[in-house]
Colleague: 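Let me give you the structure first, and then I'll get to my questions.
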Amino acid sequence: MIPRPNLFLVKFSLVNIFPGNKHSLRPFSSDNTPLPIVTELISNQHWGRLKTHLQNENPITLLQQLLDSRSDPCLTLRYYKWSEKEFNISHSLEHSCMLLHSLANSKEYSRMRSFLHYFLKNDNPISVSSIFHAISISGDSFFAGSIIADVLILAYVNHMKSDLGFEAFKRAGDYGFKLSVISCNPLLSALDMKAWAIMPDVIAYNTLIGGYCKKGQIGKMYKADAILKEMIVNEVRPNEITFNILIDGFCKDENLSAAMKLDDAFCMLDEMVGSGLKPNVVTYNALINGYCKKGKMKEATDLFDDVVRQGIAPTVITYNTLIDAYCKDGRMEDALALRESIVDRGIFPNVSTYNCLIAGLCREGNIAVLRKLINEMQNKGVKVDFVTYNIMVGALCKDGESRKAARLLDEMIKIGLRPNHVTYNTLMDGCCREENLRAALNVKTRMEKEGMRANVVTYNVLIKGLSKKGKLEEANGLLNEMLEKGLVPNRTTYEIVKEEMVDKGFVPDIEGHLYNISGS
DNA sequence: GTAGGGTTAG
């Protein structure tokens, strides 16, 4: 038997392979403030200790640093509120808007709502026009600005200040922010203009349908389909995007009784064509991906040929879908050849193309080609991203090289790439596999120091590691911590620590979702 | 919950 090559023999340092990345070195935190320590104190609500830390510092400067350092906006929000109360200060309008922008970019809509509620609570005398000025200068995302305006109007209406809400409505128009039915309907009702209430438009319906398609429960597509019918009844015409969302949803629905069929997706395609809409490359990408993910490579390539015959130009995503499928099917030569051939069609492999191939080569343990491919990326000026690092961290962990994987984590931070949950969770899993529980727990501490909160996967990995080594008490401690933090355990949690979960009153329902019979 | 397709974690 040929021994599996040790991945790290390649001297796998993406920085060494990518000298170009060295120039983009960014400091992780400012030199004079130990930001990770501060974020940890905020995260654990150690306000007394934080106050000691702040003795010689301006609380406003710290807010500025938290905002500048891309810290978790929820954490920054917590500090914002605490510092206002503790030091009896009011943070500036601009800082408040910066925080709103970062909450909007993180899709923390309910926190935005409560923040604006808090902001307007004390009969805030700041004029609507100053607020809009601050919104426009404190962030560069037009999209986030629109959401802030939306939530602001809603907050005015909820505070019985519909005159100010109406003023904000007009200002939003001046700045070109796009408002939604979420704020406009309540505003119009407040102004007793019910007759003019805005019907949800195609974008609102598509958003709603997309929301159902993303959820993983049984019957989600039934509900999504019901909304399609509802929009037609309300005389809102579905467009290409509506059908693309639905087709993609059906392709990814794992709960269909006949999992190997793609009937529903193709019924949708018929309905789309029947409505006079023309399927585009996005439609076919979703269908090709559906075939690929169900292991039907023949059908996938036939459909691809059909698309080309129709004169629809495949995109890099079409090719990435096929390349990834070849890789996962063990057909690395086909995958590599396809990546070479697309250049002739004027399509250039991007970082995702390389990520698919790198993941495939790692699975095979084909280090020689892996090294060649990474050189090629460098020559073609395609920069590695955090997914590339996540793949490599995963590969090293699988090889029992979690310490080397940890070095890659350091490296990615050094070159200014931000690790995500996948990075930390993968590394923790690697440490657990090597029964190095202390290292795994250290990774969790580190992730929290950097302002990233542990998620359900984090806890599942650690609880599994601890239980496997018989440390049931500690595992139970983490399970409690997870529940205290308001995280919802899932099926995996249940499978790992069934007894403890049952003790706590959790039972899975028919769909595998957990609910708590003790009512808490 | 702020409209669509591809790559990474339990």
Side-chain angles (χ1 to χ4, degrees), chain A residues 104 107-110 112-113 143-144 146-151 154 177-183 200-214 238-249 251-252 279-290 292-293 314-325 327-328 349-360 362 384-395 397-398 419-430 432-433 455-465 489-496:
Chain A
K107 305 193 176 185
E108 293 284 354
Y109 305 119
S110 59
M112 285 177 75
R113 263 203 292 275
F143 173 69
S146 296
I147 297 168
I148 298 169
D150 220 31
V151 181
L154 192 66
F177 291 138
K178 196 173 177 309
L179 301 171
S180 76
V181 289
I182 286 118
S183 66
D201 62 1
V202 62
I203 295 181
Y205 273 118
N206 286 352
T207 307
L208 209 54
I209 292 173
Y212 277 112
C213 289
K214 280 194 186 93
N239 60 13
E240 286 87 349
I241 296 179
T242 320
F243 283 103
N244 288 347
I245 296 168
L246 282 159
I247 288 170
D248 184 50
C251 286
K252 287 179 181 154
N280 59 19
V281 66
V282 178
T283 324
Y284 289 111
N285 286 346
L287 288 166
I288 290 170
N289 187 45
C292 288
K293 292 286 142 66
T315 64
V316 68
I317 293 179
T318 323
Y319 288 108
N320 288 350
T321 307
L322 286 171
I323 287 171
D324 185 56
C327 290
K328 286 183 175 144
N350 62 15
V351 62
S352 301
T353 321
Y354 284 102
N355 286 342
C356 296
L357 292 164
I358 289 171
C362 285
V384 294
D385 66 359
F386 69 100
V387 178
T388 322
Y389 273 96
N390 287 354
I391 293 167
M392 290 308 307
V393 166
C397 286
K398 244 186 185 166
N420 67 356
H421 280 106
V422 181
T423 327
Y424 290 111
N425 292 342
T426 310
L427 182 55
M428 274 178 232
D429 189 45
C432 288
R433 280 162 190 262
N455 66 12
V456 181
V457 181
T458 316
Y459 283 101
N460 287 347
V461 168
L462 293 173
I463 291 170
K464 187 175 169 186
N490 59 20
R491 203 175 188 157
T492 314
T493 327
Y494 184 76
E495 278 158 17
I496 299 167

Colleague: Under 4.0 Å from OP1 or OP2 of B:dA3: is there any side-chain N or O of A:K214 that close?
Modeller: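 Answer is no, no contact under 4.0 Å.
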
Colleague: Base, sugar-phosphate alone, or nothing: which one does A:S146 contact when heavy atoms must sit under 4.0 Å apart?
Modeller: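 Contact class for A:S146: none.
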
Colleague: Please report the distance, rounded to the nearest Å, between CG in A:N390 and P in B:dG10.
Modeller: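 After rounding, the reported distance stands at 12 Å.
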
Colleague: Which nucleotide sits closest to the side chain of A:N490: B:dG10, B:dT8, B:dG5?
Modeller: B:dG10

Colleague: Can you see which heavy atom on A:A104 is nearest to which on A:A144, and at what distance?
Modeller: CB-CB, 3.7 Å

Colleague: Examine the base of B:dG10 for any acceptor or donor lying under 3.5 Å from a partner atom in the side chain of A:T493, and report the outcome as yes or no.
Modeller: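 There is none.
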
Colleague: Let's see if you can work this out: which of B:dG5, B:dT2, B:dT7 has an atom nearest to the side-chain heavy atoms of A:D150?
Modeller: B:dT2

Colleague: Would you mind reading off the distance between A:L357 atom CG and B:dT8 atom P, rounded to a whole angstrom?
Modeller: 12 Å

Colleague: Considering only side-chain heavy atoms of A:T318, which listed nucleotide, B:dT2, B:dT7, B:dG5, is closest?
Modeller: B:dG5

Colleague: Taking CG from A:D201 and P from B:dT2, how many angstroms apart are they, rounded to a whole number?
Modeller: 14 Å

Colleague: Side chains of A:Y494 and A:P489: does their closest heavy-atom pair fall under 4.5 Å?
Modeller: no

Colleague: Using a 4.0 Å heavy-atom cut-off, does A:V456 contact any base of the nucleic acid, only the sugar-phosphate backbone, or nothing at all?
Modeller: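 Since a base atom lies under 4.0 Å of A:V456, the category is base.
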
Colleague: A:I245 near the nucleic acid: base, sugar-phosphate alone, or nothing, with a heavy-atom cut-off under 4.0 Å?
Modeller: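 Result for A:I245 = sugar-phosphate.
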
Colleague: Could you please name the option among B:dT8, B:dA9, B:dT2 that lies closest to any side-chain atom of A:I147?
Modeller: B:dT2

Colleague: Would you kindly say whether A:N390 and A:N420 are connected by a side-chain donor-acceptor distance under 3.5 Å?
Modeller: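 Present: a donor and an acceptor within the cut-off.
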
Colleague: Please classify the nucleic acid contact of A:T492 as base, sugar-phosphate, or nothing, using heavy-atom distances under 4.0 Å.
Modeller: base

Colleague: At less than 3.5 Å, do the side-chain atoms of A:N420 and the base atoms of B:dA9 form a donor-acceptor pair?
Modeller: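 Answer is no: no donor-acceptor pair is held.
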
Colleague: Return the value, rounded to whole Å, for the distance between atom CG of A:N350 and atom P of B:dG5.
Modeller: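 Answer to the nearest Å: 15 Å.
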
Colleague: Between A:D385 and A:N355, does the side chain to side chain donor-acceptor pair (under 3.5 Å) criterion hold? Intermediate values first, please.
Modeller: CA-CA 9 Å; A:D385 66 359; A:N355 286 342; 3.2 Å; yes

Colleague: Nearest-Å distance, CD1 (A:I496) to P (B:dG10)?
Modeller: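 Atom CD1 in A:I496 sits about 11 Å away from atom P in B:dG10.
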
Colleague: Would a distance-only check, ignoring hydrogens and angles, find a side-chain to backbone donor-acceptor pair under 3.5 Å from A:N425 to A:M428?
Modeller: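 No; judged by distance alone, with no hydrogens or angles, the pair does not exist.
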
Colleague: Take A:T426 and A:D429, measure what side chain to side chain donor-acceptor pair (under 3.5 Å) needs, and give me the verdict at the end.
Modeller: CA-CA 5 Å; A:T426 310; A:D429 189 45; over 6 Å; no

Colleague: What contact category does A:T426 fall into here, base, sugar-phosphate, or nothing, at under 4.0 angstrom with non-hydrogen atoms?
Modeller: sugar-phosphate

Colleague: Rounded to the nearest Å, what distance is computed from the NZ atom of residue A:K293 to the C1' atom of nucleotide B:dG5?
Modeller: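 Atom-to-atom, A:K293 to B:dG5, this comes out as 10 Å.
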
Colleague: How many Å lie between CG on A:L322 and C1' on B:dT7, as a whole number?
Modeller: 14 Å

Colleague: Base, sugar-phosphate, or nothing for A:V461, non-hydrogen atoms under 4.0 angstrom?
Modeller: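 Answer is sugar-phosphate: A:V461 comes under 4.0 Å of backbone atoms only.
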
Colleague: In whole Å, I'd like the distance from the CG atom of A:N206 to the P atom of B:dT2.
Modeller: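 One finds 12 Å between P of B:dT2 and CG of A:N206, rounded.
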
